2 protein chains.
Amino acid sequence: MKQQEVFKAMADPTRRAILKRLQGGPLTAGEIGEAFDITPASLSHHFAVLKHADLVRTERRGQYIVYSLNSTVFEDLARMLMDLFPTKGKAGGK
Amino acid sequence: MKQQEVFKAMADPTRRAILKRLQGGPLTAGEIGEAFDITPASLSHHFAVLKHADLVRTERRGQYIVYSLNSTVFEDLARMLMDLFPTKGKAGGK
DNA sequence: TAGATATTTAGATAATTTTCTAAATATCGC
DNA sequence: GCGATATTTAGAAAATTATCTAAATATCTA
């Protein structure tokens, strides 16, 4: 897992809002974009960052491209934090 | 909790390394700096960002300033992630 | 108090990131 | 195939961030 990519991806509020929108299930790029006052090109850049961090997955469905959360990265992220902060019960990881 | 500040703080690799160094316990600014090839002024900037995000706490000890992890933010951060990703067992939060 | 050490603040520069416009690519429906 | 819609790519401008040097502040020791 690319730790740097993930944290960088999460650092932008627009991208976090995109992830949040995807909580309800997969959406097309256009549907996601409706919520933001930003050009499709800028949105697309954010998608690329999220995808590069493996936080979202894409699937082309005809004319549309459908984005969905990659929830397995959530666990990686949690582990990452565990590794970054001292655990209460047990001695710190590596 | 300032979500934006926390994520922004975590986005920089030097700052994550600082947090990691603090896992072993409190250290002075100088002790932390030994590990990095960066000027004290730049280090100080990173400390300010971490402090602003409430990820570290400071205490002056004579000539030195001692930095330590604020582990309570860890839990906030975990919650933040829980809120950002769909939970497996139970329906997503707010 | 004066000089030394530790750290921060101020201001400038360099690097990165976000956003835009314009153009390209892909798919659909006719 | 052609025009319309959906999305991405390319390249540039604007905003933000990381880093530096120089100077300021705080504390220690002699």
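The model shown is predicted, which means the values in this text are computed figures rather than measured ones.
Residues forming a side-chain hydrogen bond (donor to acceptor under 3.5 Å, both in side chains) with B:Arg21 (at least two apart in sequence, or on another chain): none. By the side-chain hydrogen bond (donor to acceptor under 3.5 Å, both in side chains) test, A:His45 pairs with no residue at all, sequence neighbours left out. Residues passing the ring-ring contact (aromatic ring centres under 6.0 Å, His included) test with B:Phe47, sequence neighbours excluded: B:Tyr67. For A:Ser42, the side-chain hydrogen bond (donor to acceptor under 3.5 Å, both in side chains) partners at least two apart in sequence or on another chain are A:Thr39. Considering only residues two or more places apart in sequence or on other chains, B:Asp54 meets the side-chain hydrogen bond (donor to acceptor under 3.5 Å, both in side chains) condition with B:Arg57, B:Asn70. For B:Glu5, the side chain to side chain contact (heavy atoms under 4.5 Å, CB included) partners at least two apart in sequence or on another chain are B:Lys2, B:Lys8, B:His52, B:Ala53. Remark: A:Pro13 engages A:Arg16, B:Gln4 in a side chain to side chain contact (heavy atoms under 4.5 Å, CB included) (not counting sequence neighbours).
Heavy atoms of A:Tyr67 sit under 4.0 angstrom from primed sugar atoms or phosphate atoms, though from no base atom.
Residue A:Thr28 places at least one side-chain N or O closer than 4.0 Å to OP1 or OP2 of D:dT7.
A side chain to side chain contact (heavy atoms under 4.5 Å, CB included) with B:Leu55 holds for exactly one of B:Val73, B:Leu69, B:Val49; it is B:Val73.
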Contact state string [nucleotides 23-30 of chain D, B base, S sugar-phosphate only, - no protein heavy atom under 4.0 Å]: ---SBS--
Contact letters for nucleotides 12-19 of chain D, in which S counts primed atoms plus P, OP1 and OP2 and B counts the base, heavy atoms under 4.0 Å: -----SSB
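Put simply, CD on B:Glu31 is 17 Å from P on C:dT5, counting in whole angstrom units. Look at CG on B:Leu50: it is 16 Å from C1' on C:dT7, rounded to the nearest Å. Rounded to whole angstrom, the span from the CD1 atom of B:Ile65 across to the C1' atom of C:dT9 amounts to 12 Å. Atom CG of A:Leu43 is separated from atom P of D:dT9 by 14 Å (rounded to the nearest Å). For the pair A:Phe7 CZ and C:dT17 P, the interatomic distance rounds to 16 Å; values are reported in whole Å. Rounding to whole angstrom units, CD of residue A:Glu59 and P of C:dT27 are separated by 13 Å.
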Audit row: A:Val66, A:Thr58, side-chain contact (heavy atoms from CB on, under 4.5 Å) steps and yes/no: CA-CA 6 Å; A:Val66 178; A:Thr58 63; over 6 Å; no
